[in-house]
Amino acid sequence: RTQAPKPATTAPPARTPTPSSRVPALPVATWSATTRTAASSHAGYLTAVSVGQHATYDRVVFMFSQGVPGYSIGYVNEVLSDAKGDVVTLPGQAFLRIVFHPSSGYRTYSGPGTITLIFPTLLQVRAAGDFESHLSFGVGLSQRAGFRVFTLTQPCNAAALATLSS
């Protein structure tokens, strides 16, 4: 059994540099709000989380060592913590649950458990658990919005989630 990332703290709106601030070209009108999943045999270890605001979208990037793990990202009525099942309180009107597997951040991630923002759509990213090779986060959004998920391998391993701005 592993522990969740550090206790929830509030960080100032972070403008941390990320592997790439450019989202691969795709008209934002085609971004859907359906659940995305991807399998991977890589056990990724979370090393950093960064966020950014752009003209037409808000972005959160999860960076990993040893490869990008599989993931499941989708809208839920409420985000529950692993493994207790407690409700993870998030601001906003819509909530995304992000689960990376196989993955952990217990020994590799030293950043805040909560990042609170004042972006048009992206309001907060909060750790929801790190249990049995499943690393979970909740994302509070101002409204339900289409989103994209893509992975980057250069200059580091990262899974990026970009949500439409209102």
Side-chain angles (χ1 to χ4, degrees), residues 1-11 14-24 26 31-52 57-90 95-117 122-141 146-163:
R1 181 175 178 180
T2 59
Q3 302 276 333
K6 291 189 177 216
T9 59
T10 300
R15 302 273 181 175
T16 306
T18 61
S20 172
S21 61
R22 293 179 48 211
V23 171
L26 181 67
W31 295 9
S32 74
T34 59
T35 299
R36 310 295 200 304
T37 60
S40 176
S41 59
H42 296 286
Y45 298 95
L46 185 70
T47 58
V49 178
S50 66
V51 297
Y57 63 94
D58 299 337
R59 170 188 40 82
V60 60
V61 177
F62 298 89
M63 288 171 265
F64 296 90
S65 64
Q66 301 183 16
V68 177
Y71 58 81
S72 175
I73 302 173
Y75 279 100
V76 294
N77 292 328
E78 58 187 9
V79 175
L80 302 177
S81 68
D82 295 332
K84 290 184 178 181
D86 296 335
V87 174
V88 176
T89 304
L90 294 162
F95 311 103
L96 285 170
R97 176 172 165 77
I98 301 172
V99 181
F100 295 104
H101 52 86
S103 185
S104 179
Y106 176 61
R107 297 184 191 273
T108 56
Y109 179 66
S110 60
T114 300
I115 301 172
T116 301
L117 311 153
L122 181 61
L123 303 176
Q124 190 174 79
V125 178
R126 177 172 278 184
D130 188 344
F131 184 73
E132 295 183 348
S133 298
H134 286 72
L135 180 63
S136 304
F137 288 85
V139 177
L141 303 172
F147 64 92
R148 290 195 58 209
V149 180
F150 54 94
T151 59
L152 306 169
T153 56
Q154 296 295 325
C156 67
N157 298 308
L161 166 67
T163 61

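In this text, all values refer to a predicted model and were calculated from it rather than measured experimentally. The basis for the numbers below is simple: all heavy atoms, side chains too, and nothing from hydrogens, waters or symmetry mates.
Note that CD of Gln124 and OG1 of Thr116 are 4.0 Å apart. Values are rounded to the nearest 0.5 Å. Taken to the nearest 0.5 Å, the NE2 atom of His101 stands 9.0 Å off from the OG atom of Ser136. Put simply, CG on Asp130 and CG on Leu46 are 8.5 Å apart, with the number rounded to the nearest 0.5 Å. The CG atom of Leu123 sits 7.5 Å away from atom CG of Leu117, with the distance rounded to the nearest 0.5 Å. From Phe95, atom CZ reaches atom CD of Glu78 across 9.0 Å, with rounding to the nearest 0.5 Å.
The side chain to side chain contact (heavy atoms under 4.5 Å, CB included) test applied to Ser81 returns Lys84, Asp86, Val88, not counting sequence neighbours.
Counting heavy atoms from C-beta on, the side chains of Tyr75 and Asn77 never come closer than 4.5 Å. Within the 4.5 Å cutoff, side-chain heavy atoms of Val79 are placed close to those of Leu90. Counting only heavy atoms from C-beta outward, the side chains of His134 and Ser104 never approach each other to under 4.5 Å. Under the 4.5 Å side-chain criterion, counting only non-hydrogen atoms from C-beta, Leu122 is in contact with Val51.
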Which pairs would a plain distance check flag for residues 60-73, meaning a side-chain donor or acceptor within less than 3.5 Å of a matching protein atom at least two apart in sequence or in another chain?
none

Test log, rule side-chain contact (heavy atoms from CB on, under 4.5 Å), inputs Leu141 and Leu96: CA-CA 8 Å; Leu141 303 172; Leu96 285 170; 3.9 Å; yes

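A donor-acceptor pair is defined here as one N or O able to donate and one able to accept, closer than 3.5 Å; such a pair exists between the side chain of Tyr109 and the backbone of Pro112. Arg36 places a side-chain N or O within 3.5 Å of a backbone atom of Phe147 that can act as its donor or acceptor partner.
Closest of all the heavy-atom pairs between Gly138 and Ala128 is N-CB, 4.2 Å. Closest non-hydrogen pair, Gly74 versus Thr35, comes out as CA-OG1, 3.7 Å.
For the salt bridge (Lys or Arg N to Asp or Glu O under 4.0 Å) condition, the pairs that include at least one residue of residues 95-107, sequence neighbours left out, are Asp82-Arg97.
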